[in-house]
Enquirer: 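Got a structure for you, written out below as structure tokens; questions coming shortly.
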Amino acid sequence: MSTATVDDRTLRRRARAWALWDWGSASFNAVVTTFVFSRYIASDLFVEPEVVEVGGRALTGALADNAAVVAWAVAIAGGLVALLAPILGQRSDGSGKRRLWLGINTGLTILAMLGMFFVTPVPEYIWFGAALLGVGNLFFEFASVNYNAMLHQVSTKETMGRVSGFGWGMGYVGGIVLLAILLVLFLFPFGDPSTNGLLAIPTGTEGAALDVRLAIVVSAVWFAIFAIPVLVAVPELPARERGERVSVVESYRRLFRTIVRIGRRDPKTLLFLVSSAIFRDGLSAIFTFGAIIASTVFGFSSTEVLLFAIAANVTAGAGTFVGGWADDRFGPKAVITTSLVVLSTAGIAAIFIQGKPAFWVVGLILTIFVGPVQASARSFMARITPPGREGEMFGLYATTGRAVSFLAPTLFGIFVTIFSDTRFGIIGIVIVLLAGLALLIPVSAKPVAIDDADAVDAGAGLPTPPLRGDDPQR
């Protein structure tokens, strides 16, 4: 959708409403998948009591089995995302119902979160909890495809980096606020071992883990409230930009033709998709395994992990806001490259540090530069996407990310096994970040949009896309 005819005030209002979805989605990213629910169902609360009492290798093996159940649920969801995301995005482009599908997929994610309240700490319920986690991940990724595609509708070429960074930053700030609320009201131990939070919510097996379950319900309500503004303020695609509806088979044919066309006309753009998929997997691993490293290597308690999570979101949010400005000033490639170099250096340093204070310093340096990479990668993708194809292209963006999502976890596990020390799993993450950086280097610093047109610019050998707005130089 062209934003050339929209006044700046209206565009800023839409951008703020759009970014509030990022703010609300922190309830799923931070609470469900990273710091609270996934750790809850993988904990000893879902191990048979007699095994917990015996402890030792029996408990270690049971906890590993729980972690495997969670991992398989997320992996299956990831496979379905890789298969379906670009097709669903493409079809939402053609139907002109991008906002509708954002609302539907967000609503289904929230329903999965509400269902998590019924996952009581009974060993057999781990399958129910893992299934809800997988379903939530599936629909959250589908919603993200439509949400990211809206970046074209709430920004111009000149402000795309700042708006994308603003969205990511809002997500981190939302995570800070929500985690702080949940920690104080529901999850922080204030003395009584049977309750948590200022509300004295029963915890553990005896309290049916009501503290965690209520925290998830509050998170679901949080997401629902902050998802409303984008559905109200950002208009649906106008009828004149809607394409014809095609069959699922034809949707896949169009997808494959798009991939072939990208590879033929601008192979470096295809290289960006591969590069970003790899380094985004490394970024995910920083958050996924950061909490594990903090607790198993540096001795952080559950409360300390949550406090670090809040601090990490503060630094990540600040870094993202600055990175958004730098994106528009120097271009997305410069931001991504600089951030990956710093992340790799800090990751190597983390292998040699000792003590909690050192982990706080290095860990927060890492989080400062994670957000700018995420935001600028989204900005880069938006800049190369022609109008009317945003859903399909961001679906492809999601698919490439899922296609290599095994890399960082696999290398992490290999190095942990080789050295028998969780700390050395960091080497695997650094390798993934450096691989993504190496593939990014040949990519053009100025993204070139991919289009269906057969016309090719004779000088550059690249497609000449229809440009957004009235100014032919924009």
Side-chain angles (χ1 to χ4, degrees), residues 25-49 51-52 58-85 105-144 182 187 203-205 207-220 223 281 284-285 287-292 295-296 302 305-306 309 398 401-402 405-406 408-410 412-413:
S25 71
S27 65
F28 189 81
N29 285 324
V31 178
V32 173
T33 64
T34 305
F35 295 112
V36 180
F37 185 74
S38 60
R39 294 181 71 231
Y40 164 62
I41 61 176
S43 71
D44 59 6
L45 293 175
F46 290 84
V47 176
E48 295 293 345
V51 176
V52 176
L59 177 58
T60 300
L63 291 174
D65 290 341
N66 285 0
V69 171
V70 174
W72 276 112
V74 175
I76 291 171
L80 291 173
V81 170
L83 181 65
L84 298 174
N105 288 315
T106 300
L108 291 172
T109 304
I110 292 169
L111 286 177
M113 294 172 69
L114 291 173
M116 294 172 187
F117 174 79
F118 301 100
V119 183
T120 54
V122 178
E124 294 78 12
Y125 275 32
I126 187 173
W127 298 98
F128 179 40
L132 288 172
L133 181 62
V135 169
N137 269 281
L138 180 67
F139 289 109
F140 181 79
E141 291 287 351
F142 289 162
S144 297
L182 297 181
L187 303 175
T203 187
T205 306
L210 191 60
D211 56 338
V212 173
R213 292 160 54 214
L214 283 177
I216 303 301
V217 171
V218 171
S219 300
F223 197 179
D281 186 43
S284 297
F287 279 100
T288 301
F289 298 110
I292 295 174
S295 58
T296 61
S302 297
V305 168
L306 286 175
R402 286 295 185 173
S405 60
F406 65 91
T410 299
F412 185 91

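Throughout, residue positions are numbered sequentially from 1 according to the sequence presented.
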Enquirer: Say you draw a straight line from CG of Leu132 to CG of Leu114; how long is it, rounded to the nearest 0.5 Å?
Expert: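 That separation rounds to 10.5 Å.
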Enquirer: Considering the options Val32, Ile110, Leu214, Leu182, which one meets the side-chain contact (heavy atoms from CB on, under 4.5 Å) requirement together with Ser219?
Expert: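 Exactly one option meets the side-chain contact (heavy atoms from CB on, under 4.5 Å) with Ser219, and it is Leu182.
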Enquirer: May I have the list of side-chain donor-acceptor pairs in residues 120-131 shorter than 3.5 Å, sequence neighbours left out?
Expert:
none

Enquirer: Over all heavy atoms of both residues, which pair between Leu187 and Ala215 is shortest? Give the atoms and the distance, please.
Expert: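 Smallest interatomic distance, heavy atoms only, reads CD2-CB, 4.5 Å.
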Enquirer: Determine, step by step, whether Phe28 and Asn137 satisfy the side chain to side chain contact (heavy atoms under 4.5 Å, CB included) criterion, reporting the C-alpha distance in whole Å, the side-chain angles of both residues, the deciding distance to 0.1 Å, and the verdict.
Expert: CA-CA 9 Å; Phe28 189 81; Asn137 269 281; 4.0 Å; yes
Enquirer: Taking it one step at a time, do Phe117 and Leu210 satisfy side chain to side chain contact (heavy atoms under 4.5 Å, CB included)?
Expert: CA-CA 8 Å; Phe117 174 79; Leu210 191 60; 3.9 Å; yes
Enquirer: Grab the two heavy atoms, one from Phe223 and one from Ser27, that are nearest each other, plus how far apart they are.
Expert: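 Looking at all heavy atoms of both residues, the shortest contact is CB-OG, 3.2 Å.
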Enquirer: Please report the closest heavy-atom contact between Val47 and Leu59, naming both atoms and the distance.
Expert: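 Reported closest heavy-atom pair: CG1-CD1, 4.2 Å.
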Enquirer: Could you state the interatomic distance from CD1 (Ile41) to CE (Met116), rounded to the nearest 0.5 Å?
Expert: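 One finds 7.5 Å between CD1 of Ile41 and CE of Met116.
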Enquirer: I would like to know whether Phe139 and Leu111 meet side chain to side chain contact (heavy atoms under 4.5 Å, CB included); could you show each step before the answer?
Expert: CA-CA 10 Å; Phe139 289 109; Leu111 286 177; over 6 Å; no
Enquirer: Does the Thr109 side chain pair with the main chain of Phe140, one donor and one acceptor, at a distance under 3.5 Å?
Expert: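 Answer holds: yes.
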Enquirer: Starting at CG of Leu138, measure out to CG of Leu108 and round the result to the nearest 0.5 Å.
Expert: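 Between Leu138 CG and Leu108 CG, I get 9.5 Å after rounding to 0.5 Å.
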Enquirer: How many angstroms lie between CZ in Phe142 and CG in Asn105, if you round to the nearest 0.5 Å?
Expert: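 Between atom CZ of Phe142 and atom CG of Asn105 there are 7.0 Å.
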Enquirer: For the residue pair Phe46 and Tyr40, does the interplanar ring angle fall in the parallel (under 30°), tilted (30 to 60°) or perpendicular (over 60°) class?
Expert: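 Because their plane-to-plane angle is over 60°, the rings of Phe46 and Tyr40 count as perpendicular.
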Enquirer: Of the non-hydrogen atoms in Ile216 and Met113, which two are nearest, and what is the gap between them?
Expert: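 What the structure gives for the nearest pair is CG2-O, 3.4 Å.
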